[in-house]
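All remarks here apply to the structure that follows.
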Amino acid sequence: MRFLLDAEQREFTASLDAMLTAADTPSVVRDWSRGDHAGGRALWRRIAEAGVFALAVPEAYEGLGQHPVELALAFVELGRHAAPGPLVETVVAATLLTEPGPAKRLLPALAAGETMATVARDHGYALDGEAAGIRLSLTAEGLRLAPGHGPVRPSLDPARRLTPLDPGGELLATDPPLAPALLLARLTTAAQALGVGLALLDRTVAHVKQRTQFGVPIGSFQAVRHQLADAKIALEFARPLVLGAALTMTEEDVAAAKVTACEAAYATARTALQLHGAIGYTAEYDLSLWLTKARALRTAWGSPDECRDTVLSGGRRW
């Protein structure tokens, strides 16, 4: 199936790309990794002004209603530019907050970018709990608004700062919509991973055109071209799966998109690392911002094995 974006969707993604390019996201990500959230919060508000978070919030609470296709397109650009923060978790929170009281109180601020949200499952770690103003905890009792968070824990991706959430807090719902929330989490994670993979490929292609060996660019070597072609094919195969899943929003399609996009991004990261050589291993080099994110997204909101099981079993509820 061939997916073509309409004029409005193309303009939306182009405007996001231009805004994120101008924002110099690598420096924002590095500050975020050190716990300096000022630049990240400013970028967050600009992302919200573009309407990204409103795409997950119902119209009754100052959003645009849920638009999975446009959300997927937006998250590809967010991944392409390595935007920091609990992006997926914020749209998941918008799906979980369905009770009228909490929704009216919390969702308008999410849509407007005035605050961030994070979500922890079964007393696990929450992403960017120190930066989020809304911390949701999913337990056996239901959905709670956590009163605080514990110390920051190290993560494979320095920009993904993990924190445990404090127990207790206000009970917001006893039967939150877990299945729709997981679908949106996996879809947006897949789209973000696709963007990460595309950025890694673009940067690697640029690098092999400049790096020389035996007096010629290494990009002229057939072995290098084959590796880049394999990465390109994997990413281009993932793209229609992500967009198709955004249209159908079935458990099997979303799981297939998630595993395919994340594995493609991870494979592209390995290729990028190999073709960059020793410089690719250095944290000071911007490539590392995408390398670590590709690895982290691979298991976020469902490991490859979990997603494959969902596809093979014909769908499995959270």
Side-chain angles (χ1 to χ4, degrees), residues 1-3 13 17 20-21 24-26 29-30 33 72-73 75-83 155-160 189-245 255-300 302-305 307-308 311:
M1 185 178 293
R2 187 182 181 192
F3 293 94
T13 56
D17 178 47
L20 292 166
T21 300
D24 186 21
T25 52
V29 174
R30 293 189 186 282
S33 300
L73 294 173
F75 271 77
V76 170
E77 296 306 316
L78 295 172
R80 193 193 297 269
H81 292 275
S155 169
L156 173 70
D157 178 2
R160 292 173 63 86
T189 300
Q192 194 176 8
L194 175 60
V196 168
L198 292 170
L200 285 166
L201 180 62
D202 288 345
R203 287 174 172 269
T204 306
V205 169
H207 177 75
V208 300
K209 288 180 178 179
Q210 296 173 355
R211 182 183 173 189
T212 60
Q213 191 72 278
F214 308 115
V216 296
I218 64 171
S220 64
F221 300 156
Q222 190 175 54
V224 171
R225 290 184 175 187
H226 285 174
Q227 290 184 73
L228 292 172
D230 287 343
K232 176 70 171 177
I233 290 169
L235 292 167
E236 290 304 320
F237 182 74
R239 190 195 303 268
L241 289 183
V242 171
L243 294 176
K258 206 268 181 186
V259 70
T260 305
C262 289
E263 293 291 67
Y266 182 60
T268 303
R270 292 171 63 89
T271 296
L273 188 58
Q274 181 179 9
L275 296 183
H276 275 79
I279 194 173
Y281 287 90
T282 62
E284 293 77 14
Y285 194 55
D286 282 350
L287 186 77
S288 67
L289 305 180
W290 285 268
L291 289 174
T292 54
K293 196 170 295 294
R295 179 63 183 87
L297 292 175
R298 186 170 181 248
T299 54
S303 69
D305 285 346
C307 290
R308 290 188 182 99
V311 174

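Throughout, numbering of the chain's residues begins at 1 and tracks the sequence.
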Heavy atoms from other residues, nucleotides or ligands near OH of Y285 exceed 12 (cutoff 6.0 Å):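 Yes.
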Measure across [X] and [Y] and return the closest heavy-atom pair with its distance rounded to 0.1 Å.
X	Y	answer
L297	C262	O-SG, 3.5 Å
A238	A261	CB-CA, 3.7 Å
G79	W290	O-NE1, 3.4 Å
A256	L241	O-CD1, 4.3 Å
A190	V242	CB-CG2, 4.2 Å
A83	K293	O-NZ, 4.5 Å

At what distance, to the nearest 0.5 angstrom, does [atom1] of [X] lie from [atom2] of [Y]?
X	Y	atom1	atom2	result
I218	Q210	CD1	CD	10.5 Å
L291	R295	CG	CZ	12.5 Å
F221	L275	CZ	CG	11.5 Å
R80	T13	CZ	OG1	8.5 Å
T271	H226	OG1	NE2	13.0 Å
L228	T268	CG	OG1	9.0 Å

So, [X] side chain and [Y] main chain: donor-acceptor pair closer than 3.5 Å or not?
X	Y	result
T25	H81	yes
T189	A300	no
S303	T299	no
T260	A257	no
T292	D157	no
R211	P217	no
R30	E284	yes

Side chain to side chain, [X] and [Y], heavy atoms closer than 4.5 Å:
X	Y	result
L287	H207	no
R225	V208	no
T204	H276	yes
L201	L235	yes

From the list R270, K258, R308, salt bridge (charged side-chain N to carboxylate O under 4.0 Å, His left out) with E263 holds only for R308
